[in-house]
Amino acid sequence: MDSEEKTETVEINSSKNNQELTILLRTDEDDHRPVYLSGNFNNWETQDRRFMLHRIKEGEYQYTFPANFDFPDTLAYKFTKGDWSEVEIDRYGNKTSNRLCIKRSGIQEEHVPKWRKNWLPYRPSQLPQVHLISEEFEIPQLNKKRKIWALLPYDYETSEEHYPVLYLQDAQNLFNENAPFGNWQIDKKLAVMSDYGIGKIIIIAIEHAEKERLLEYNVGKTLLGEGQGKKYIRFVTDTLKPFIDKNFRTKPEREFTGIGGSSMGGLVSIFSGLMYPEVYGKLMIFSPSLWVIPKIKFSFLDIFAPMETKIYLYAGGDESETMIKHVKKLKKRLLKKEPVKEKIKVNLSINMEGKHSETYWSDEFPKAIEWLFFSDREGTI
């Protein structure tokens, strides 16, 4: 667009909306994703369709506030592509300050050089501290030893804060650059998330048992046979968690404690949360292997006392013929009875193009962390 076209566009908008405020956005990078306004006028919601900008042409968008809009004293806002993982950044890839506007009419011209994509790029200085807790942590319930890691907030050593904790299975695939099937990149994601107030969390990463992984994560009698899942869950709950709470600055209460994983790791995490609701208030369940228990009876749900619990449940449409059917059935079963429905919140996220792989679980990780642990935060981003 040349300078004459720019002037004409502004004049047209100004003549139509001289009693209203129009945001005119130009961006050097453009793609198919829509652009939204997020600010102190909509509780910083990132995908509020009331504030989706109209695409004029490639690289140019506009939004006009209604004539009766109730403006705050100073309008504070950012542009996003629908999520904090896809928020505007400066030309160097850094976080931008909140935009401010005191106008109530006319044209407010804005420019965005770049956008984040899936929380990247990241700043190395924000990376979490990766701490090896033990090469051979004792698992008395299984008479085994295991390597366990802690990912601590980047400023853990200079802070006195206490943090929520998420226990994750399959540590080999969470941040290991040499993982054969790729990794979740949780270290890089947490680095960026900390800039937006949603990365201050302790991750306890438990390595799986290699050849005995399926045996350890299998709970009870399933299509895989008799598993050791109940003993493994008791290890995390009765042995590991008390150790973590004693040696790190955690918030030990259930409302700040989560457990999660993918595939069979997701399955054992479901049972962990349902068997010990007094311990885990957050469940991060990605692509759970529900096929091993196709009837999903969960008979103990009829007797357990429900507590305030948040469950982030993800499935990909390109994983198997039954994955989406099974997770929908699980959600329905979990919320079958009124007392449970009032206590348990389930966020079911489905990506129809999603495959059974670390790449897609990596994409979902920041969204799950935000919803599970930080969705009620206050203030600006």
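Note that the coordinates shown come from a computational prediction; the quantities given were computed from them, not determined experimentally. The first residue of the sequence shown is numbered 1, and numbering continues consecutively from there.
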Using the test side chain to side chain donor-acceptor pair (under 3.5 Å), find all partners of [X] that sit at least two apart in sequence or belong to another chain.
X: Asp318; result: Lys355
X: Tyr77; result: Glu110
X: Arg50; result: Asp48
X: Lys241; result: Asp245

Under 3.5 Å, is there a donor-acceptor pair between the side chain of [X] and the main chain of [Y]?
X: Arg104; Y: Ile102; result: yes
X: Thr27; Y: Val112; result: yes
X: Lys103; Y: Ile107; result: yes
X: Thr239; Y: Val236; result: no
X: Lys145; Y: Ile139; result: no
X: Asp83; Y: Ser85; result: yes

Counting only heavy atoms not in [X], do more than 12 fall under 6.0 Å of its [atom1]?
X: Glu58; atom1: CD; answer: no
X: Lys144; atom1: NZ; answer: yes
X: Glu226; atom1: CD; answer: yes
X: Asp73; atom1: CG; answer: no

Output yes when Glu86 and Arg33 qualify as a salt bridge under the 4.0 Å nitrogen-oxygen rule, no when they do not.
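A salt bridge links Glu86 with Arg33.
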Suppose we screen for side chain to side chain contact (heavy atoms under 4.5 Å, CB included). Which residues come up paired with [X], at least two apart in sequence or across chains?
X: Lys325; result: Thr322
X: Glu157; result: Gln129
X: Ile133; result: His131, Phe137, Ile148, Ala150, Ile204, Phe243, Ile244, Phe248
X: Thr158; result: Asp155

Mind jotting down which residue pairs meet the salt bridge (charged side-chain N to carboxylate O under 4.0 Å, His left out) criterion with at least one end in residues 119-128? Sequence neighbours excluded, please.
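Every pair satisfying salt bridge (charged side-chain N to carboxylate O under 4.0 Å, His left out) with a residue in residues 119-128: Arg123-Asp195.
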Among pairs that include at least one residue of residues 248-257, which meet salt bridge (charged side-chain N to carboxylate O under 4.0 Å, His left out), considering only residues two or more places apart or in two chains?
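For residues 248-257, and leaving out neighbouring residues, there are no salt bridge (charged side-chain N to carboxylate O under 4.0 Å, His left out) pairs at all.
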When clusters are formed by joining ILVMFWY residues with side-chain heavy atoms under 4.5 Å apart, either directly or through shared neighbours, do Phe256 and Leu168 land in the same one?
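No, Phe256 and Leu168 fall in different hydrophobic clusters.
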Under 6.0 Å between ring centres: does that hold for [X] and [Y]?
X: Tyr217; Y: Tyr232; value: yes
X: Phe286; Y: Phe365; value: no
X: Tyr63; Y: Phe65; value: yes

Can you tell which of Glu138, Glu216, Glu207 makes a salt bridge (charged side-chain N to carboxylate O under 4.0 Å, His left out) with Arg146?
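So the option named by the test is Glu216.
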Please say which of Arg116, Lys78, Arg99, Lys81 ends up in a salt bridge (charged side-chain N to carboxylate O under 4.0 Å, His left out) with Glu88.
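It is Arg99; the other options fail the test.
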Tell me whether the guanidinium CZ or amine NZ of Lys310 lies under 6.0 angstrom from the six-membered ring centre of Trp371 and within 45° of its axis.
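Geometry flag: set, cation within 6.0 Å and 45°.
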With Glu135, which residues qualify under salt bridge (Lys or Arg N to Asp or Glu O under 4.0 Å), at least two apart?
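Only Lys147 meet the salt bridge (Lys or Arg N to Asp or Glu O under 4.0 Å) criterion with Glu135.
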Can you list the residues that meet the salt bridge (Lys or Arg N to Asp or Glu O under 4.0 Å) rule with Glu308, with sequence neighbours excluded?
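Partners of Glu308 under the salt bridge (Lys or Arg N to Asp or Glu O under 4.0 Å) test: none.
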Heavy-atom pair with the smallest gap, counting every atom of Gly260 and Leu166:
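In terms of heavy atoms, the two residues are closest at N-CD1, 4.2 Å.
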